[in-house]
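What follows is a single structure, written as structure tokens, with notes after it.
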Amino acid sequence: MLLTPLMKKKFILPLLLFVQIIIINILSFFPEFVERYYSNGLFPYLSKGERILFGLFGFSIGDIIYGVVIILAVRWLWKTRKTWRTAYKNNILKILSAFSIFYFLFHLLWAMNYHRVPLHEKMGIEKKYTPEELVAFTERIIAKTNKLHREIEKNDSLKVVVHYTVNQIYDLSVNGYKEMEARFPYFAFQHESIKSSLISVPLSYMGFGGYLNPFTNEAQVNSKLPLYGFPATACHEMSHQIGYASESEANFIGYMASIHNKDLYFKYAGYTMALKYCLRNINKIDEKKAKSLAGLILPGIKANFKESEAFNKKYESFVETIFEYFYDNYLKLNKQEDGLETYSKFVGLLVNYYKDKDL
């Protein structure tokens, strides 16, 4: 049977989807090419343009776009519910066509950064470390965090209470990146576009502290999070905006942007985040050692950690388990083989970065 021109058009976008997948997989073997021509070539212009445009709005355009797309998708599924037996081929082609457009925009506007040169290679540091090195580094982090806590709160038993609003934290977040820029030009950040997500409550139930909208380059932060760690989360999402897709790298850059900020609350957020990840990694190796190290931490810092635990418990549900499963596999599909464990891999970057440096 000969295909009419109209029928041929229906196959174009689905075929292009498979062509795109092949091209992306080939490019993933050439990180230097991606780094030069996309991450440091096309992407900075695209991302800055989006941040300038969408940064004009005080609310999340990306969340609204997602909402509209979901409504249209549900509407289409409802309208075509009776045609799936008789016109299933046509419906499948429409879905593949829509996904083809999504896939193209997703990679063009941001996701090619998954395939760039790894940060540890760019910075000339290793990722592997010994248990002894991790313990020694954690002791240093504990001492530094204790010292910071005493600078902020005179009573060792009091938790740190941040006296900023969420919007004030957003305004201050850029300062850490500006401080880093002189030493690390590839962390330069301009044109703020960081916002509280309109779906912060659902994000809390899903177990997410925030996300980057790859189509608008808006950094979306869960506004329900405890404020003592909020600055580090904001800085983490901002690192995605400048093209660092790996979650371990985003954690490292978010930490660096926090501790390079002159504001003590930002420094505290960065060091407490690093401390939590270090203790978590030690606990996987040696529970007794992790418990011993925890005894060195001031009660006020532990009170902040309990604040996070209470928040997580409040929003604990089966929804988080479902979304963790999907996000874990999403990360694995995008060259982050460790899935959700990728977040904790930034400890390796920390340990090796500070081998010959003071905290």
| request: For Gln241 and Ser47, test the side chains for any donor-to-acceptor distance below 3.5 angstrom and give the result as yes or no. | output: no
| query | Does the side chain of His236 come under 3.5 Å of the side chain of Asn251 through a donor N or O and an acceptor N or O? | reply |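 Yes, because at least one side-chain N or O of His236 sits under 3.5 Å from a partner of the opposite role on Asn251.
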| request: Could you tell me which non-hydrogen atom of Ser173 sits nearest to which non-hydrogen atom of Ala234, and how far apart they are? | output: OG-CB, 3.8 Å
| message | Tell me the closest heavy-atom pair linking Lys10 and Asn90, and the distance in Å. | response |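 Closest pair (atom of Lys10, atom of Asn90, distance): NZ-OD1, 3.2 Å.
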Who pairs with [X] by side-chain hydrogen bond (donor to acceptor under 3.5 Å, both in side chains), at least two apart in sequence or on another chain?
X: Glu35; value: Asn40, Arg116, Lys122
X: Thr83; value: Asn91
X: Asn113; value: Ser39

Those residues that, when tested against [X], pass ring-ring contact (aromatic ring centres under 6.0 Å, His included) (two or more places apart):
X: Tyr205; answer: Tyr315
X: Tyr170; answer: Phe230
X: Tyr353; answer: Phe252
X: Phe104; answer: none

| task | List for me each residue that meets salt bridge (Lys or Arg N to Asp or Glu O under 4.0 Å) alongside Glu50, sequence neighbours excluded, and say none if there are none. | result | none
| said: Just to verify, what does Arg36 make a salt bridge (Lys or Arg N to Asp or Glu O under 4.0 Å) with, not counting sequence neighbours? | reply: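 With neighbours one apart ignored, the set is empty.
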| query | Sequence neighbours excluded, which residues qualify as side-chain contact (heavy atoms from CB on, under 4.5 Å) partners of Ser97? | reply |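 With neighbours one apart ignored, the set is Leu13, Pro14.
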| task | Just jot down the side-chain contact (heavy atoms from CB on, under 4.5 Å) partners of Thr145, sequence neighbours excluded, or say none. | result |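 Thr145 satisfies side-chain contact (heavy atoms from CB on, under 4.5 Å) with Ile141, Tyr268, Tyr271, Thr272, Leu275, Ile301 only.
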| task | May I have all residue pairs that pass ring pair (Phe, Tyr, Trp, His ring centres under 6.0 Å) and include part of residues 47-71, sequence neighbours excluded? | result | Phe57-Phe59
